[in-house]
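Note that this is a predicted model, so its numbers are computed, not measured.
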Amino acid sequence: MPSPAKRRKKNDFKSADQSVRGLDYFFAKQQANKGTPSSHGTGEEKPTCAERNEVTQETDEEYARRLQEQYDKEEQGLGISRSEAEDGIPNGTTSRLKSVEVPKAGSSERKPLEPTIRTLSLQHGTTAADKVTFAIPLDEDPLTFDLSTYISPLQAQWSSTGGNATYALLTHCFTIAGSTTGRIKTTNTLINTFRLLIAADPDSLLPAVWLSTNSISAPHDPMELNLGGSTISKALCKVYSLTPATLRTLYNKYGDGGDVAFEAKKRASLTLRKPKPLTVQGVYDDLGKIAKSTGKGSAEMKQGTVERMIRDAGTGEESRYLVRTLVQNLRIGAVKTTTLIALSRAFLLTAPPHPPESFTSAYDPTSVARMSKDARQELFLRAEELLKASYARHPSYATLVPALLEVGISPELLLRCGLSLHVPLRPMLGAITRDLPSMLAQLAGRAFTAEWKYDGQRAQVHCDDAGTVSIFSRHLENMTDKYPDLVSLVPQFRGEGVSSFILEGEVVAVNPETGQLLPFQTLSNRARKDVKQEDVKVQVCLYAFDLMYLNGSELLGRPLRERRNILKSLFNSIPRRFEWVRNLDATSEDVESVREFFQEATNNKCEGIMVKVLDNLDEDIKLAEQEDLIDGDVPSIPTRKKAKPAKGKEASKPSKAADESAENASEARPSRRKPLLATYTPDKRLESWLKVKKDYAQSADTIDMIPIGAWHGQGRKSKWWSPILLAVRNESTGLLEAVTKCMSGFTDKFYKENRAKYDPDGQAGGPPENEEDDDSDDLEAVERIGKNTLASKPMYVEYNGPEPDIWFEPQEVWECVFADVTLSPTYTAAIGLVSDERGLSLRFPRFLRVREDKSIEEASTSEFLAELYRKQAGDPDRPSAEKMEVEEEAELDDDGELYG
DNA sequence: ATTGTCTGCCC
DNA sequence: ATTCTGC
DNA sequence: GCAGAATGGGCAGACAAT
């Protein structure tokens, strides 16, 4: 799925455990330093959770007064910069933090610059101003939502923040969106929020969009918070006077740092508020400060900023979303696409207060409401597709939002936010295909090309006519610095007639002597920053497979065959440095040769193959024209899309369970509902590109492991165990060796049952179902708690990683699939069998099914795991058991059979 | 100087 | 990366 | 089928702790 994988973070607050130890340490320190009165919340104080505990005797009111004093000081220090900000100096960003750092030092004693009334109010819940905001029915249908009635009250309210929209408004939006799974409600809520901002405070729109999308900048613009669960949990401890243990308990219960903050704030009997509410801009600017801070002491500074932000949150909901924003996981059911849709409709219906000449006037909602349903849908769809097309080609809200404010929903947008050199476009992706027969069936009647799917790193290479080169990763990070060797190669492979281009390929580690492909792990050993060409240790080859832009023209609308021809004819391949992906052009008739090709790919350390439609068929072009899916050189603006025709249930989804008998190949050609185009469609995962990997197939290797422990899940999985720690048996020692955590492949139903089965709060009694009474692992007297769970790691388990939240009484066997066996720095399973220092683990582990037929004595062994590793590492033509010293050029022929 | 923790980003 | 789920 | 959510192994790099 095109998910924002870049922002995937764990933030599981597990590190809170570490601070338990740190706590004692700090306690000692604090005791020693006694007498130094603590000052809450200034960025400079020591980040210890203990600090607040140290003064737990003080009442809430005393605490409030102390905090009030501190805010007063802060206010003084801020006096000037505050008013600056109020006078509308746009980025009054640096002021706040600086002034927090500056004062203290005794200087800021009682010297009120002016007797401003500083009201730090002690109060429960919301203020009157909040009530204005929270009363807005943001989820109303945008066509009836009465924008104008809210603008004046909001602006009146915002006058206290210099006209800046409050964070409370955005929080209100998130709260409503987060309270439903319905997409319509979520979208409407975002639409109306954006409309309010467009109309009442357009400057806050961009920051609001960043915050809504869990990001602070475009991916190719390097700006990272470098702040995660660890820092935030420490900050929460401090702000809400929680012990790490309490925080941990809350976190285990809710599975979300934001929810913990919400609960903690609710429990605080009194709510302390700063006189001025948080603003959208202010929050965004604080994030910017966090991102900018580097070097020694930066962690402390970041934590200080986080604490202040959390402390300044007016309500529980604000705390919740502040924290979720800090961990960049809002969980409101809207990220990229929903935001784009919402933006498109917001601008369709709303104009900024003083629209520039260029602004394409917005529609009056009431007239849109009067349109026919079809006409309205078409209007919405056009706008939506326009934004999606723009974003796919130029994925940066920093460009998109200002452009929208200037030109509105207009074709002009694609000129301003279209494909640009040195701005990565979103890559086209391949749909997963279970095996070759289903691939052949899907592409029946089409000419396609199969390409090796190298196990490396995807790269998008830009070069302008001045010869400047940029290289971007799959998730659009700029990695030009990582590959100076490739950059210097560009002049060599760029042909005579080429001035500018964007091409795409896979960077793979290779043996420069033999050209042999090396595993992904080798590639990932490369340095990433400030790499000098002469320091490069891991040689790479770029295997090019597509060309999206050439000499000023987009090629996205051209069929792959044509793009490929241009690529191969205008660029020069350089052996072992810059080559074309190995490919085989074929049709569904060529069953055998395709299968051989696939085998050859996997034999050469490739993950499998990518299969791509080469040409547009007339019928598809017609179909596409109807749906306006075709892009020309200048992408056309989609005008209309039909409701999806009903489709018949597809060929039986093979039950993953046993049943090894592979299905038969060619089924009848499926009647296709969607055109299969050979164009390059950025940001889409279409069936015109199919991904076939050996581990997707039913015939893939699997391993049978024993669940031995687990963690509390997060978010929607917070009531269940996830992930779950799995182990193999070591036959010689009798120990269970942990191999991997697993979280993929479980259904909700399974989770529920699993949680009931391993229940520390359940009936303590009852021997495990399958148990055969013997105390084989006996004597160790493992302390049982609840049902099938253990109080601590049993002696017979071999595992050194992070401590699970719960240990299981081993009693069942689960079958799992995986892509590869990896040499592990953390797991010790099979240690000594293939490496003396490292154990083995799995790449992309996922649960398949319970092996009801197996007892734990029949689970896979570490020797079995080791053998899997040898098999994949060694010469695939030869069973590794009798492996010999053979190694030559790796131009292997294959004879393995696949998919019988 | 070395080791450990945390984060971001590859897959 | 992979997978599941609600719409 | 899309969009979103939850989370795998493992690496380099940046800091913090020792």
Can a side chain N or O of [X] be found less than 4.0 Å away from OP1 or OP2 on [N]?
X: Q714(A); N: dT7(D); answer: yes
X: N329(A); N: dA6(D); answer: yes
X: K388(A); N: dA3(D); answer: yes
X: R526(A); N: dC10(B); answer: no
X: S230(A); N: dC6(B); answer: yes
X: S473(A); N: dC10(B); answer: yes
X: T337(A); N: dC2(D); answer: no
X: R838(A); N: dG9(D); answer: no
X: K302(A); N: dC15(D); answer: no
X: T231(A); N: dC6(B); answer: no
X: T740(A); N: dG9(D); answer: yes
X: K717(A); N: dA6(D); answer: no
X: T822(A); N: dG10(D); answer: yes
X: R843(A); N: dC11(B); answer: no

From [options], pick the nucleotide closest to the side chain of [X]?
X: A527(A); options: dG4(D), dT2(C), dG13(D); result: dG13(D)
X: Q457(A); options: dA5(D), dC10(B), dG9(D); result: dC10(B)
X: S841(A); options: dG8(D), dG10(D), dA16(D); result: dG10(D)
X: P825(A); options: dG6(C), dC11(D), dC11(B); result: dC11(D)
X: P845(A); options: dC11(B), dA16(D), dG8(D); result: dG8(D)
X: P723(A); options: dT7(D), dC11(D), dG10(D); result: dT7(D)
X: F520(A); options: dA16(D), dG4(D), dC10(B); result: dC10(B)
X: F844(A); options: dC11(D), dC11(B), dG6(C); result: dC11(B)

Starting from [atom2] on [N], measure out to [atom1] on [X] and report it in whole angstrom.
X: K529(A); N: dG8(B); atom1: NZ; atom2: P; value: 11 Å
X: L326(A); N: dG8(B); atom1: CG; atom2: P; value: 11 Å
X: E687(A); N: dG1(D); atom1: CD; atom2: C1'; value: 9 Å
X: I332(A); N: dA3(D); atom1: CD1; atom2: P; value: 16 Å
X: D695(A); N: dT2(C); atom1: CG; atom2: C1'; value: 9 Å
X: E224(A); N: dC15(D); atom1: CD; atom2: P; value: 13 Å
X: H220(A); N: dC9(B); atom1: NE2; atom2: P; value: 14 Å
X: Q521(A); N: dA12(D); atom1: CD; atom2: P; value: 10 Å

Ring-plane angle category for [X] and [Y], please: parallel below 30°, perpendicular beyond 60°, tilted otherwise.
X: F545(A); Y: W689(A); answer: perpendicular
X: F472(A); Y: H220(A); answer: perpendicular
X: F847(A); Y: F750(A); answer: tilted

At 4.0 Å (heavy atoms only), tell me whether [X] reaches a base, stays on the sugar-phosphate, or touches nothing.
X: S744(A); answer: base
X: D748(A); answer: sugar-phosphate
X: R716(A); answer: sugar-phosphate
X: L523(A); answer: nothing
X: K453(A); answer: nothing
X: R528(A); answer: base
X: I724(A); answer: nothing
X: Y696(A); answer: sugar-phosphate
X: Y827(A); answer: sugar-phosphate
X: A334(A); answer: sugar-phosphate
X: I184(A); answer: nothing

Exercise. Want to settle it: does G839(A) or S298(A) sit nearer the 5' end of DNA chain D, counting the closest nucleotide to each?
Worked result: G839(A)
Seminar exercise, completed: Comparing L330(A) with L823(A), nearest DNA chain D nucleotide closer to 5' gives the residue L330(A)
[X] side chain to [Y] side chain, donor-acceptor N/O pair below 3.5 angstrom:
X: N525(A); Y: T522(A); result: no
X: K482(A); Y: Q457(A); result: yes
X: T480(A); Y: N478(A); result: yes

Exercise. Taking C-beta and beyond as the side chain, do K185(A) and S179(A) meet within less than 4.5 Å on heavy atoms?
Worked result: yes
Problem set entry | W721(A) side chain reached by H712(A) side chain, heavy atoms, under 4.5 Å | yes
Problem set entry | Member of K453(A), K691(A), K694(A) meeting the side-chain hydrogen bond (donor to acceptor under 3.5 Å, both in side chains) criterion with E607(A) | K453(A)
Exercise. Closer to the 5' end of DNA chain B via nearest nucleotide, is it E607(A) or I232(A)?
Worked result: I232(A)
